[in-house]
Structures are given as C-alpha cells and as structure tokens.
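What follows is one structure encoded as structure tokens, with my remarks underneath.
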Amino acid sequence: MQHSIFTSIRSLKIMDGCKGTQIHSLPVQPNRFEPHRSNNQTVKPVWNFNAVVSSEGVILPTTELLEPEIEASLKPIHFVETLADLHRRIENCGGREFEKFEVFLEQSAVFRGLPDLKLFRQCLRLVREHAVDVHEKVVMAAWLRYERREDGVVGSVSAMECSGRNLECPKANMVQGYDPESVFGHCLCFRRKNVGDDDFKIVVNYDCDDDFVEECSSYDDSCENDDDDDEKNNDVCFCIGDDEIICNRYLMGSLSRPLQTMLYGGFIESRREKINFSKNEVSVETMVAVKVFSRTKRLSNFPPNVVLELLCFANRFCCEQMKNACDAHLASLVCDMDDAALLVEYGLEESAYLLVAACLQVFLRELPGSVQCSSFIRLFCSPEGRDRLAMARHTSFVLYYFLSQVAIEEDVKSNTTVMLLERLGECAVKSWQKQLACHQLGVVMFERKEYKDAQHWFEAAVEAGHIYSSVGVARAKYKRGHVYSAFKIINSLISDYKPVGWMYQERSLYCTGKEKMLDLLYATELDPTLSFPYKYRAVAFLEENEIGAAIMEINKIIGFKVSPDCLDLRAWFLIALGDYEGAFIDVRAILTLDPNYMMFSGNMHGDRLVELLRPVAQKWSQADCWMHLYDRWSSVDDIGSLAVVHKMLENDPGKSILRFRQSLLLLRLNCQKAAMRSLHLARNHSSSAHERLVYEGWILYDTGHREEALAKAEESISIQRSFEAFFLKAYALADSCLDSDSSKYVIDLLEEALRCPSDGLRKGQALNNLGSIYVDCDNLDLAADCYKHALNIKHTRAHQGLARVYHLQNKHKAAYDEMTKLIEKARNNASAYEKRSEYCDRDTAKCDLSMATQLDPLRTYAYRYRAAVLMDSQKEAAAIAEVSRAISFKPDPQLLHLRAAFHDSMGDYVSSVRDCEAALCLDPSLAETVELHNKALERINEPK
C-alpha cells in the first residue's frame, strides 16, 4: 500500500450557507480525551509518577501558584472606538504618506494584541508600503522578514538574500521616496535574475542638491590618464610631502563652497600654483581620488580604504556630492555582519546616512541571531549610542519598537530588553508611543520581580492614557503585600468603565472563596476566550480530588482554543488519573506546537516527559502509526492526529509529507506560526524538485502571493504530474469568483489530481472539493456522487457537503440526518451543530446554535442568527446586546457590520458610522460596509 500524504484541509469554495468567516474548510473540534473504561478495566502504573516528579525536582501547579499573564501589547479599553478612530485618521491622511506611515504603525501596535496574526502582519506590510525614507524602509522590511523567519529551518537563505519584491528587497530599501506603483512589484534583483544577468549592482548617483536616482549599471573602465587638453587646464598643484598632485583649479573649486573660497577667494592659496596639503592629514591616494572625482564625478574602482578617506575629506571640506557618492558606494559594499561591524563606526563618525543604513539593515535582517554582536548591542542599548545614531539620522521610535519586541521574545528578563525599552521610551513622542513603552517596561520589570519599578512604569502608562496598565499597578501592589489596595484599583475600574472579562479575572486574584469563583464565572461569561478561569477551576477540582471534573473543565477551552499551557494541565490530570496514553498524546501535541516547551510550570522539558512516559505507552510500528493516523483523521481528532505524526517523525524526521500533514493540522487548530514552521520544514526535507515546488507554492499562497503559487504548481506539474501539484493549482485558481469556464477548468484539475497516485483520505478531500464545485455549478447529482464516494473512503467531512445537496433538493430531513451523522462521528463538533441548525425548525436550531456557542464561542454565526431573530421580533436592544456580547471578545468585521445595520435601522447613525469604521479598519475591502458607512454619513450631514 502506498502511503502518500493524506487529506488536505484546504477545501474549495465551500459556501454552505453559514455566512461565517471560515468558508473554505470545516473547522473541527479536537477530541476531548475523556477516558472511557469498562468496569473490569484497570490501569496499573508501570512507574510511580510522584516518585518521578520528586526525583526531577518538578513543582506541580496549584491554585496558589496560578495567575494570568499581564499582556504586553496595547489594550485599548474602548476597542471599537479606537479602531474607528484609526480608520478615520487613515482616510483623512489623503496623499500624505508620512502621516499614513505613523497611523499604520499605531494600528499595528493595536493589532499586535489580537489573536489573529495575519491582521498584524498585513498591517506591517501597510507600514512598509507607506515608508518614505531609507531608515523606515530598512526597519520595516527587516521586521517583515523577522515575522516570517524560519526558526530552526535547515537551508535558510542568507539575511541579505532578496525575496524578489520591492517590499523586502535590500537594494530597493536603499532608495529614498515613495512609489505606490512599484512597492508591491518585483524588484530589479528579480528582473535581472530572470534574464540571467547576475553581474549587476544598484548604483546611486547624486547631484549636488538633488535626491539621488537609482540606476543599474556596472563600472567597466577605470579612470584614464589626462589627455593633452586636460594637461593645459591643470593649473594648481597640491603638495603632500614630496608628492605633487596636479589638478584643475576650476573643477576642484566646484566640489564645494569652502574649496571654491580657498582657490578663488581672498586667501593666499588663491594666488599660488602650489598649495601645501601636508598638514591636512590627507594621503596622496586620497588626493588623487579627489582629483579623479572632480573630473569624472565617479569613484571608479578605488579600494574601500581610499573611499573611506575620500568620505572623510568630503566631510571636512563640505563636498556634498562627493560625500553622497562615497556614502552610496560604501553602502553597496556591506554584505554581512563582519562588513557591518567594521563599517558602521566609520559611517557614524562621518554621519554617512546610507552607510549606517546598510549596516543597520544587515544587523536587523540577521535578528534574532545578531543580538550576539556586542558592538551593535552597545550601540543600540546605551544612551550614548542612541545619540550617535541620532547624529546619523537613524534614531526612531519604529527602530526601537522593533528591537524591543525581538528582545522581549528572546528573553523578557534580560538587561538588553530593559535598555532597549528605555531607549524606546526616550523616542516616544505621541501618547500611544508613551503608553506602549511604559507598559512594556512595567511588564519586563514585573517578570524580573522588580515590583517597585514595575509599579512605577505601569503608573506612568496609566497616566499616559493606557487604562489596562492599571492591572499591572494592582498586580505589583499585590506582590508587595498591598492586597486591599490592588482590589480597590480593579474594583474602581469595574465601576468606572463598562466591565469586560479581564477586569473580573484580575479582581478574582484579590478575593477568596465564593467571591473569587464568582468573579471567575463573570470573567468567562464576558470573555470565554480567557484561559485563566478554566485553568484555575480545573486545578481547584483536582485539589478536591475531582479529576474527571478537572478534565472536563480544561476540555472546555481546549475544544476551541488549543494552547500548550492548557494541554500541559490536561496531561497532568490524565497522569493523575492513570491515563498515560492520553497524557502521552497531549505531550506530543505540545511539542508540535512548541518544540522547546517546558512542562509543569517550566520545570521539565517536554522531551524529558516523553522519555518518562515511553515505558507505559503503546508500542506502534510505522504501519500502526499510519493506521492510527487514518482513524484519527477520519474522526476529526486533530490533537490525536498531531500526536501520531509527532511519533512518526521520531522514526523518520526527514519525511516531508508528514511535515506537510502536520502543517495542515496546525492550520486547522489556528496555530499559524507553528503551521508555517512545519511547512518550511516540509519544503526543506523534500526529496524531489517537484515536491519542493508544491510546498513552496503553499508557502507563497499562505503569505498572499497567489500568482506565484500558481506558477510553482505549474512548474511542478511540468516536472512530474502529481496529486499535490494539481490540488494546489486547483485551490489557488478557485480562490476567486469562478465563472462557468473557470469552474470547469478547476473541475478538470481536480479530476487530473484524482487520476494521480494518492491514499484514500487524500482522494476523499479532492472528491469533497469537487463536490463543492459541482454544487456551485448546480450539478447536484454529480456533487452527491462525489460526496458519497468520499464517505465510502472515510472522508467524514463529506457529510456536510452531502447535507447541503439534500437541502438544495428540498430534502430537509435527509440534510438534518446527514449532519447528525457528522456530529456523531466527529464528537462535539461546533461547526456541525452550527450547520445542522440550517436544516431544522427554529426551536431546534436555537438548541443547536446554543450547543455550537457552548463548544466554540468564537464562531460568530450563532450570535448573528440569534440577533437577527431578536431584531425580527422588534427586540432591538436585545439584538444589539447579543451582537455586542460577541464583539467584546471577538471584534469581527461581520459582527460590527451587523450591529452598524441595526443602529442604522434604529436611526442611530453616529453609532452606525462608528461600527462601520471599526469594521473597515479590520477589513477595508468590505463593499457593503462602505456603502452603509456612506449612507449613515449622509444622514448625519443632512440639514436639520
């Protein structure tokens, strides 16, 4: 049996009537790992876990040790109003790119705290797009690169390697100005590479008072000797020791005003044919270079040391054109950290803007590895270094913002992090910048257990307007023994502002008994995505020896929000219950999410726990693993599937199809960063060119480069026809509005994929996708055939497609029964309950949607449905409250649009405009929201 990669989660255009945000695939609920045993089944531990814990020095978590993290990002207390204000300011910027740069940077700081990383990264691209000067471009391009860095990936390209687009191209970054037409286009590096010309470089020519112009050229000839005519014009001689450099007085004087004054003004040199330059610390080679530059305005092929001396001469005698040329030439020589470390001091000494930018670029693009470079760290961290950078026009808030975020991720407690944040605070000018710098300094000091300093910085952030920093003030006071003072701070927040989940969560720390549990209950009710209340209640159950209740409680959040810390707790509970196999599954899933995760409150590495559990785990061969993977994938058990893949990779770490399968599971669990890491590993471990091209295509597609992804698929097909290549091409083409011809082409591609060798589940996915295209084309019989064939080979999600076909055929009972089958096979599947609600009466639909919200509060369809029903019943206030409940913890554009429409229908146009602007801040492409926004604005502006 051939084991090629199993089914992809990427289904095509599944528009099944739920107007939710996830339209391409069926989100699934992970297995809850509730232990099932018969009465006569007993579990006999092979080893004593308590003894192991004691020998390893592990401290297991207790309710006394548990406390929520203080978020390090900006957290506006009026989030919707903040989004609306950002959108309004962006629209009011017009063509002023510098202002847009500043507002988009602020927007990125707000988006940083959201769970959807794509929003933050899209915003970073907008910041880079509107960068005008070289410094901004260098910093933002490096930040974009850092955000998509390949952690631990073998075969990574060098830091200065060009991605082929202006947005991140190291050479394009060195060009001043803003060009909206080319910022997202291919750069010169890409175009030259495509025509096979690698021997080129970007040269920057400067005129005396003009901005430089980028050209592509190569210097083929060195300077020729002066001809006879030139000899006649050489009328001044510069003497350096015994050497004489004969120059043209007019050309030398034209280099700068000081030289012109010396050679033609009232100085004694203006009347001499020989001028003694021996005491000016200028070498003969430098003076010859000055002479050549005065004639050619080019640096020719001078060695770097001569160009450096020429730069010093240009600074001393104010030769701006020469300085700019030297600056650009030296900047083009910086290729790696050694060059940067050597040349940055010269650049700073001579205030060479481009040279310092080039050195800075290398350092930033090498992050986080370059933090080991002591010379750069001294430069960035010290106040003196910041002053030196300022002299070269390379100190900015955005620079220290980027550096401090990297430092926080690398080591939040380090002195480097503290110093970078201090520099960030010195660069902060606007209110939001001061809020961010002070708040993050408070977070770092708190992590360092320097609570007095933490309190000071949190208070400064509150004073600057960041209300959420009150949490830090209260926590620091609590750590210093002022419990009642901490309670009063949070209590006053609840009184003064509209309560949100994190307020009650924080106040619970300063309460005991029933009051604590009640606050945690309120926190979950207001924001079910907060993990601390679930964790606290689960550990409290365990302390009461109610292990089953503890597992059920932690399962509630794992069901819709998978994180290593919650899986860590569940693994501990399962071990306490004696379910070592279940714990083994969770530990393997944790290591897939974060290979360096430390279990049990940071006291034991996950790999160590795997070794400890191995003696009591089932022994599976690789064939057994494939069978278990097939079963778990079919039963929509993503966490169990991750564990099986992790075990298989232990035996065969270079298996690229397993890495790809891993990335698909992680995407389904909404773990985007881990998914991209697995996808890069799949690419680097691919055994053939056509396979590597497919993975590269998915990487490009997932990063927003659809056309390039298509090109990779086509190139792969040209090498070898494979299921994966055809599937990628079909998916990339289908990610747009399909007309009849396009749909037929996608159908042909999927049929080609099905003709290629593949396993059953993989073919099941292709059949499922094919069925969805047939439905869009109104070929319901063919669609039903596809779905039934997929179900025959255990593609469980095909139940949903078949139910849709039955619904369109007015077979509502059959549609309902089909979704019931999916619910039974994929236990506690929120999306299945949500979908089934469309195929039943209103009362049953309410029950299904209530179950969907209970299982996954992040799914928005249920809130929108309930709000629409309330609105139809003319219960406007209740409808708005229902939508607002979800918006408070998930500011979804569709929810905001719906609430805006409700406000509009009630005549509250101001609130409607606010919600529309907030929605457009999150997604500017919403045409209906733009229309509603404009309509509400017109109503507001109508004469009274």
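All values derive from a computational prediction rather than experimental measurement.
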Y863 side chain near L849 side chain, heavy-atom distance below 4.5 Å = no

request  = Answer yes if the side chains of Q455 and E459 hold a donor-acceptor pair under 3.5 Å, and no otherwise.
outcome  = yes

key: Donor-acceptor side-chain pairing of R423 and Y400 below 3.5 angstrom   = no

ask   = Can you tell which of L518, L520, D519 makes a side-chain contact (heavy atoms from CB on, under 4.5 Å) with K516?
value = L520

inquiry  = Ring-plane angle category for Y401 and F397, please: parallel below 30°, perpendicular beyond 60°, tilted otherwise.
reply    = tilted

message = Any carboxylate oxygen within less than 4.0 angstrom of a Lys/Arg side-chain nitrogen, looking at R914 and E917?
response = no

inquiry  = Between the side chains of E99 and R89, is the shortest nitrogen-to-carboxylate-oxygen separation below 4.0 Å, so that they form an ion pair?
reply    = no

message = Exactly one of L642, D565, L567 should register a side-chain contact (heavy atoms from CB on, under 4.5 Å) with I590. Which one does?
response = L567

request  = Please work out which of the three classes, parallel, tilted or perpendicular, describes the rings of F402 and W143, given edges at 30° and 60°.
outcome  = parallel

Taking every non-hydrogen atom, the tightest pair across P76 and V110 = CG-CG1, 4.4 Å

request  = Test L424 against L421 for side chain to side chain contact (heavy atoms under 4.5 Å, CB included), laying out the working first.
outcome  = CA-CA 5 Å; L424 179 70; L421 284 170; 3.9 Å; yes

task = Under the side chain to side chain contact (heavy atoms under 4.5 Å, CB included) rule, what do C921 and F111 come out as? Steps first, then yes or no, please.
result = CA-CA 10 Å; C921 184; F111 285 178; 4.0 Å; yes

key: Test log, rule side chain to side chain contact (heavy atoms under 4.5 Å, CB included), inputs E450 and V418   = CA-CA 12 Å; E450 299 176 19; V418 173; over 6 Å; no

ask   = So, E91 and R88, do they make that salt bridge, N to O below 4.0 Å?
value = no

message = Can you confirm whether or not the ring centre of F446 sits under 6.0 Å from the ring centre of W457?
response = no

Pair E506 + K477, salt bridge at N-O below 4.0 Å = no

ask   = Under 4.0 Å between a Lys/Arg side-chain N and an Asp/Glu carboxylate O for R112 and E409?
value = yes

request  = Start with the C-alpha distance between R448 and M445, add both sets of side-chain angles, then the distance that settles side chain to side chain contact (heavy atoms under 4.5 Å, CB included), and finish with yes or no.
outcome  = CA-CA 5 Å; R448 288 161 62 100; M445 292 301 180; 4.1 Å; yes

key: Stacked cation flag R537 on Y534, 6.0 angstrom / 45 deg   = yes

ask   = Is the centre of the H903 ring less than 6.0 Å from the centre of the Y909 ring?
value = no

query = Regarding S850 and Q854, is there a side-chain donor-to-acceptor distance under 3.5 Å anywhere?
reply = no

ask   = Quick one: do the S831 and R859 side chains pair a donor with an acceptor below 3.5 Å?
value = no

key: K430 with E106: basic N within carboxylate O range, under 4.0 Å   = no

